[in-house]
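For reference, the structure discussed in these notes is given below.
Order of appearance sets the numbers: ligands from 1, and atoms from 1 within every ligand.
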Amino acid sequence: MADPASRVIVAIDRMTRTDAHADVARLGKRVSCLKLGLEFFVANGPQGVRAVAGPSPLFLDLKLHDIPNTVAGGVRSACSLNPKFLTIHASGGEAMMRAAAEAAKAAGSSRPNLLAITVLTSLDDGDLAAVGQSTPMRDQARRLAALAKKSGLDGVVCSAHELGALRAECGPDFLLVTPGIRPSWTAAQDQKRATTPAEAVRQGADYLVIGRPITQADDPAAALDRIAAEIQAG
Ligand code: C5P
């Protein structure tokens, strides 16, 4: 990737159009991709997404999970927003992921990259056991990533700590997209095991999802430049 800033997906974690617009306006033209998630989508719908994302590439973080036919319909509907990335839950199973991949193909050259969510990082082994899942979390994440690849998905969202194992498991062409990133010059906030942008890229991340270190900076465009420089310097 020529421009290291193009690896950065800026998370706009806002519920209102006004707040989201303000974040995007402060970024100026520098932004390469914007992430809008469920809270924004439920509150503002496709029109709100269109209005805020404008011409910027879009990471639509809807984490779809339902029967194959319904998820395929969700993917088709989402394609009208022309997202560059769209998320679905790998735990929906192979048939669901295959149906999603088929639906995405229908969008032709503007097909979104379908990314799988493996195990939510809010869950620990105890939470998995409580829902009848006895495989340790790390193994489960690896297993679901392999299943996502087999089912025709383009990549996964994963923590920086899983990058090495998932790159080895899924090969060089599978996209690894990593949140929980903190440049050395910002506070960790609620990210407990944050990784720097350069370290995540060294570990094999293709894209980094970064929110507050950019959106809450005094100068968000300058923060993005600084992160890009940090990645470039390795
Ligand atoms: O502001 P911050 O950089 O922490 O934002 C990170 C973004 O990545 C948020 O949208 C958050 O919901 C998302 N995310 C995360 N950790 C995960 C999965 C997603 O921080 N494990």
Residues which pass side-chain contact (heavy atoms from CB on, under 4.5 Å) with Asp66, listed by chain and number, not counting sequence neighbours = Thr70, Val71
Donor-acceptor pairs under 3.5 angstrom involving side-chain atoms of residues 202-213: please list them, not counting sequence neighbours.
residue	atom	partner	partner atom	Å
Arg202	NE	Glu199	OE1	3.2
Arg202	NH1	Gly234	O	2.3
Arg202	NH2	Glu199	OE1	2.5
Gln203	NE2	Glu199	OE2	2.7
Asp206	OD2	Arg167	NH2	2.8
Asp206	OD2	Leu176	N	2.8
Arg212	NH1	Asp190	OD1	3.1
Arg212	NH2	Asp190	OD1	2.6

Any side-chain heavy atom of Pro179 within less than 4.5 Å of one from Val157?
->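 Of all side-chain heavy-atom pairs linking Val157 with Pro179, at least one is under 4.5 Å.
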Quick one, list the residues around ligand 1 where some non-hydrogen atom comes in under 4.0 Å, by chain and residue number.
-> Ala11, Asp13, Lys35, Thr121, Pro179, Arg182, Gln191, Val209, Ile210, Gly211, Arg212, Pro213
Side-chain H-bond candidate by donor/acceptor type, Thr16 with Asp19, under 3.5 Å | yes
May I ask you to list the residues sharing a hydrophobic cluster with Ile67, side-chain cutoff 4.5 Å, ordered by chain and number?
-> none
To the nearest 0.5 angstrom, please state how far the SG atom of Cys170 sits from the CG atom of Leu147.
->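 If I round to the nearest 0.5 Å, the distance is 10.5 Å.
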